[in-house]
K.L.:
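Below are the structure tokens for one structure; questions will follow.
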There are 2 protein chains.
Amino acid sequence: MKVTIYDVAKKAGVSIATVSKVINNKGNISEKTRKKVLDVKKKLDFHPNVMASALTGKKTKTIGLLIPDLANPFFSDLARNIEDSANELGYNLIMCSTDYLAEKENKYLSLLKQKNVDGFILASGFEDLRKIQELMEENIPVSIIARDSPMIPINTVVIDDFMGGYQATSYLISLGHENIGIIARNIWSNRERLRGYKQALEDNGIKAPGHIEYAEEISIGWGKKITQNYLNSDNPPTAVFTCNDLLGIGAIHAAREYGISVPEQLSVIGFDDTMIATIIAPSLTTMAQPVQIMGKEIMELMVGMIERNEIIKQIILMPELVVRESTAKVIKKYF
Amino acid sequence: MKVTIYDVAKKAGVSIATVSKVINNKGNISEKTRKKVLDVKKKLDFHPNVMASALTGKKTKTIGLLIPDLANPFFSDLARNIEDSANELGYNLIMCSTDYLAEKENKYLSLLKQKNVDGFILASGFEDLRKIQELMEENIPVSIIARDSPMIPINTVVIDDFMGGYQATSYLISLGHENIGIIARNIWSNRERLRGYKQALEDNGIKAPGHIEYAEEISIGWGKKITQNYLNSDNPPTAVFTCNDLLGIGAIHAAREYGISVPEQLSVIGFDDTMIATIIAPSLTTMAQPVQIMGKEIMELMVGMIERNEIIKQIILMPELVVRESTAKVIKKYF
DNA sequence: CAACGAGAGTTAAGCGCTTCACTTTCAAAT
DNA sequence: ATTTGAAAGTGAAGCGCTTAACTCTCGTTG
């Protein structure tokens with residue numbers, strides 16, 4: 001049978017209260033008893049039941065991580081880094097893929113609440129803030145990562161998406177491109193990157209396109225599809241900024257299919273800097289998100305909130321341009 | 001404050017026992033009371049505390065998933081599929097990356113045991129079976145996925161790695177290759193694939209290499225490194241079988257660097273059929289693992305075991321050859 | 001019409017732990 | 001010798017829930 005605090009108490013000849021105190025380093029216990037208890041604990045291989053202690057108000061050391069899609073390399077990479085950091089701090093993660101569906105988000109939220117997680121890390125969409133506010137009202141720690149920081153006081157770790165879009169576009173402009181396409185999905189981060197893109201164009205006296213076609217999913221297929229549309233248009237761009245690597249891969253695939261060489265005839269710049277950026281040929285120039293640091297920071301915010309009721313912080317990190325092979329100077333055509 | 005079963009009972013004018021019975025569909029409750037209780041439950045938005053009911057012997061509906069590395073696309077893909085299936089069956093997953101380190105495996109195991117998970121799915125190495133046997137003795141459901149089925153009665157979902165290696169190699173042989181290299185890591189699944197490779201060679205009257213150099217990690221870098229060694233050798237192979245896609249990508253990268261074209265001068269066949277196989281150019285021929293089915297099957301085994309004490313099963317699925325662009329008929333040189 | 005038993009509910013113990021309030025012990029101070 | 005009080009430890013309530021055992025109603029039945 002499972003060994004409980006009673007077994008330890010009995011064998012050590014003390015009360016369960018004493019055992020509890022030894023284990024939690026509380027109250028006054030003589031060195032002798034402490035040693036005795038610890039000995040017995042080890043001998044019986046006793047591990048306190050987390051459920052039971054959670055019932056009395058202690059923490060479960062478990063955090064819910066809501067992420068759009070674990071199979072997306074950016075998010076699995078991010079999740080892995082959060083996990084590592086969580087592990088170091090003594091926490092475990094329940095991971096849930098939401099596919100950007102509010103329905104799933106809400107379902108997981110209430111499910112995990114029942115399971116007494118100590119807090120939530122949301123990497124998912126949550127276009128609707130009410131649920132988040134509800135959590136905060138219930139005093140459940142929530143942090144947000146890799147998405148917008150909404151206009152409510154909440155812990156966040158984000159990158160400056162606007163700046164990322166701005167830098168990516170500026171880089172293309174610096175290579176001489178003037179007709180630059182964009183591929184984005186209609187989610188917050190992408191909209192910000194789009195905003196940066198437009199700003200960069202404007203700052204350089206280039207007219208931004210009025211209408212842009214959104215990808216309906218973040219996938220290679222959609223990147224390809226929209227690139228094809230660009231390529232079929234009257235005035236195809238010499239460069240595209242794709243709001244993440246997956247879409248960028250799609251762009252490169254589309255170009256290949258059309259016999260258009262990257263980067264000579266079409267420059268492509270991605271976003272995220274996931275592993276796949278280095279797999280493709282030509283390797284993808286991209287804006288890197290510092291996922292390792294992000295993972296570390298978010299867990300520190302969470303634990304600070306859970307264990308020490310720390311003040312709310314918003315951490316904004318800068319994405320960084322990683323130049324690879326998919327971008328080049330534009331070749332001017334003189335007529 | 002949090003709403004408990006007492007609140008519901010009081011408001012519904014019944015005892016907490018009655019509420020409990022209504023919620024769990026047990027015992028005899030009149031239609032009238034049942035409705036009343038359900039009404040109040042909804043009105044108060046009551047959700048039973050999982051910890052508390054777990055304490056009384058019920059399930060936590062949480063399963064521990066130990067996986068080598070969430071950032072590895074094969075495993076993140078697998079994890080996502082397990083998650084989907086778990087979700088459908090009403091379970092959540094605590095995911096842990098072990099990096100094939102026994103130390104981490106054991107740490108997570110004991111940590112999650114304290115958290116009363118209903119069972120474990122192990123996709124990790126666990127070269128040492130003792131820990132698994134310990135779990136089984138403690139009557140904790142354990143299943144194994146995507147690794148060897150050890151010689152103990154335990155639920156498993158695996159693919160036939162030996163067959164996979166055999167088929168991949170046979171395919172290369174059928175293309176006329178006779179000098180075929182292999183790239184593997186020294187873990188069970190890879191050793192099996194290697195065994196299949198040797199068998200296929202032997203069955204076709206080709207001498208298998210005596211010594212093979214193992215990759216120390218499953219990574220593009222190691223795939224590249226070992227391919228370079230092959231390419232630098234006296235008698236470089238015309239094809240390589242890499243025991244997973246990541247290593248295969250490395251092989252293609254190495255070839256590109258050496259100015260050796262794939263598949264004309266070097267055929268490469270991978271294993272897993274992860275997304276990255278379709279990203280690279282030339283796209284990677286590979287042995288596909290049916291991750292979706294695997295995820296579904298493993299969860300059904302788990303739930304069968306947890307909820308219905310079902311008998312142990314071992315499910316062996318067949319990998320499937322997916323031909324893409326990285327393999328071609330060997331070009332015979334006539335002197 | 002008394003006896004019976006199924007149906008509908010309730011009581012209370014217990015799951016494994018934490019912690020407040022309390023008791024006991026004993027050395028130092030008066 | 002008595003008082004004091006910090007140190008060391010214990011008792012027991014309570015966290016939110018399940019469930020075995022029990023009680024109370026009634027409609028049936030012989």
Side-chain angles (χ1 to χ4, degrees), chain A residues 1-38 40-41 44-62 110-118 138-139 307, chain B residues 1-38 40-41 44-62 110 113-118 138-139 307:
Chain A
M1 224 11 248
K2 245 181 135 27
V3 19
T4 74
I5 198 171
Y6 287 93
D7 304 321
V8 178
K10 181 177 282 177
K11 184 141 188 180
V14 296
S15 74
I16 60 163
T18 305
V19 176
S20 176
K21 280 182 187 156
V22 169
I23 284 167
N24 297 297
N25 275 312
K26 282 200 169 174
N28 290 322
I29 305 289
S30 69
E31 205 35 59
K32 199 175 139 219
T33 339
R34 137 172 271 98
K35 200 167 168 331
K36 175 77 185 157
V37 169
L38 256 19
V40 174
K41 166 170 158 16
L44 297 184
D45 192 32
F46 168 67
H47 295 277
N49 181 324
V50 175
M51 308 273 117
S53 67
L55 244 202
T56 72
K58 300 211 105 182
K59 302 302 174 197
T60 54
K61 295 272 184 177
T62 305
S110 88
L111 220 54
L112 297 194
K113 244 163 56 183
Q114 284 180 61
K115 294 191 181 177
N116 280 35
V117 295
D118 293 338
E138 293 177 64
N139 249 310
E307 297 179 2
Chain B
M1 225 10 246
K2 246 182 136 27
V3 20
T4 75
I5 199 172
Y6 286 93
D7 304 322
V8 178
K10 181 176 284 176
K11 184 140 188 181
V14 296
S15 73
I16 59 163
T18 306
V19 176
S20 176
K21 281 182 187 158
V22 169
I23 283 167
N24 296 298
N25 275 313
K26 282 201 170 174
N28 291 321
I29 305 290
S30 69
E31 205 35 60
K32 200 176 137 215
T33 342
R34 139 171 271 96
K35 199 167 168 332
K36 176 75 186 160
V37 169
L38 254 21
V40 174
K41 166 170 156 21
L44 298 183
D45 192 32
F46 169 65
H47 296 276
N49 181 324
V50 175
M51 309 272 116
S53 67
L55 244 202
T56 73
K58 301 212 106 181
K59 303 302 174 195
T60 53
K61 296 273 184 174
T62 306
S110 87
K113 245 163 55 183
Q114 284 181 62
K115 295 190 179 177
N116 280 36
V117 295
D118 293 338
E138 294 178 64
N139 250 309
E307 296 179 2

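Side-chain atoms are counted along with the backbone in the values below, which use heavy atoms only and exclude waters and symmetry mates.
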K.L.:
Which one, dC17(D), dC17(C), dC15(D), comes nearest to the side chain of T56(B)?
P.N.:
dC17(D)

K.L.:
Between K36(B) and E31(B), is there a salt bridge with N-O shorter than 4.0 Å?
P.N.:
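So E31(B) does not pair with K36(B) through a salt bridge.
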
K.L.:
Any N or O donor-acceptor pair under 3.5 Å from the base of dT19(D) to the side chain of K58(B)?
P.N.:
no

K.L.:
Measure from the side-chain heavy atoms of L55(B) and tell me the nearest of dC17(D), dG16(D), dT19(C).
P.N.:
dG16(D)

K.L.:
Side chain of S20(B), heavy atoms from C-beta onward: which of dC17(C), dT19(C), dT18(D) has the nearest atom to it?
P.N.:
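Closest nucleotide among those given: dT18(D).
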
K.L.:
Quick one: label T4(A) by what it contacts on the DNA or RNA (base, sugar-phosphate, nothing), any heavy atom closer than 4.0 Å.
P.N.:
sugar-phosphate

K.L.:
Indicate the atoms forming the closest heavy-atom contact of F46(A) with I23(A), along with that distance.
P.N.:
CE2-CD1, 3.4 Å

K.L.:
Can you tell me if K115(A) and T62(B) form a side-chain donor-acceptor pair at under 3.5 Å?
P.N.:
yes

K.L.:
Can you measure I5(A) atom CD1 to dT18(C) atom C1' for me and round it to whole angstrom units?
P.N.:
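To the nearest whole Å, that distance equals 8 Å.
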
K.L.:
Strictly below 4.0 Å, N to O, side chains only: are E138(B) and K113(B) in salt-bridge contact?
P.N.:
yes

K.L.:
Contact class for S30(B) vs. all strands (heavy atom < 4.0 Å): base, sugar-phosphate, or nothing?
P.N.:
sugar-phosphate

K.L.:
Identify whether any heavy atom of T18(A) sits under 4.0 Å from a base atom; if not, whether one sits that close to sugar-phosphate; answer base, sugar-phosphate or nothing.
P.N.:
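Result for T18(A) = base.
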
K.L.:
Would you indicate what S15(B) reaches in the nucleic acid, counting non-hydrogen atoms under 4.0 angstrom: base, sugar-phosphate, or nothing?
P.N.:
base

K.L.:
Measure the distance from CZ on R34(B) to P on dG7(C) and round it to the nearest whole Å.
P.N.:
15 Å

K.L.:
Atom CG of N28(B) to atom C1' of dT25(D): distance rounded to whole Å?
P.N.:
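Distance check: N28(B) CG to dT25(D) C1' gives 14 Å.
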
K.L.:
Starting from C1' on dC17(D), measure out to CZ on F46(B) and report it in whole angstrom.
P.N.:
8 Å

K.L.:
dC15(D) C1' sits how many Å from K2(B) NZ, rounded?
P.N.:
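Computing the K2(B):NZ to dC15(D):C1' distance gives 12 Å.
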
K.L.:
dG9(D), OP1 or OP2 - any side-chain N/O from K21(A) closer than 4.0 Å?
P.N.:
no

K.L.:
Grab the CD1-C1' distance between I16(A) and dT19(C) for me, whole Å please.
P.N.:
10 Å

K.L.:
Can you check the N116(A) CG to dG16(D) P distance for me, whole Å?
P.N.:
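Roughly 10 Å, once rounded to whole Å.
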
K.L.:
Please check if any side-chain donor atom of T60(A) sits under 3.5 Å from a side-chain acceptor atom of N116(A), or the reverse.
P.N.:
no

K.L.:
Select from A52(B) and I29(B) the residue whose nearest nucleotide in DNA chain C is closer to the 5' end of that strand.
P.N.:
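It is I29(B), whose closest nucleotide lies nearer the 5' terminus.
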
K.L.:
For the pair made of CG in N49(A) and P in dC17(D), what is the distance, rounded to whole Å?
P.N.:
17 Å

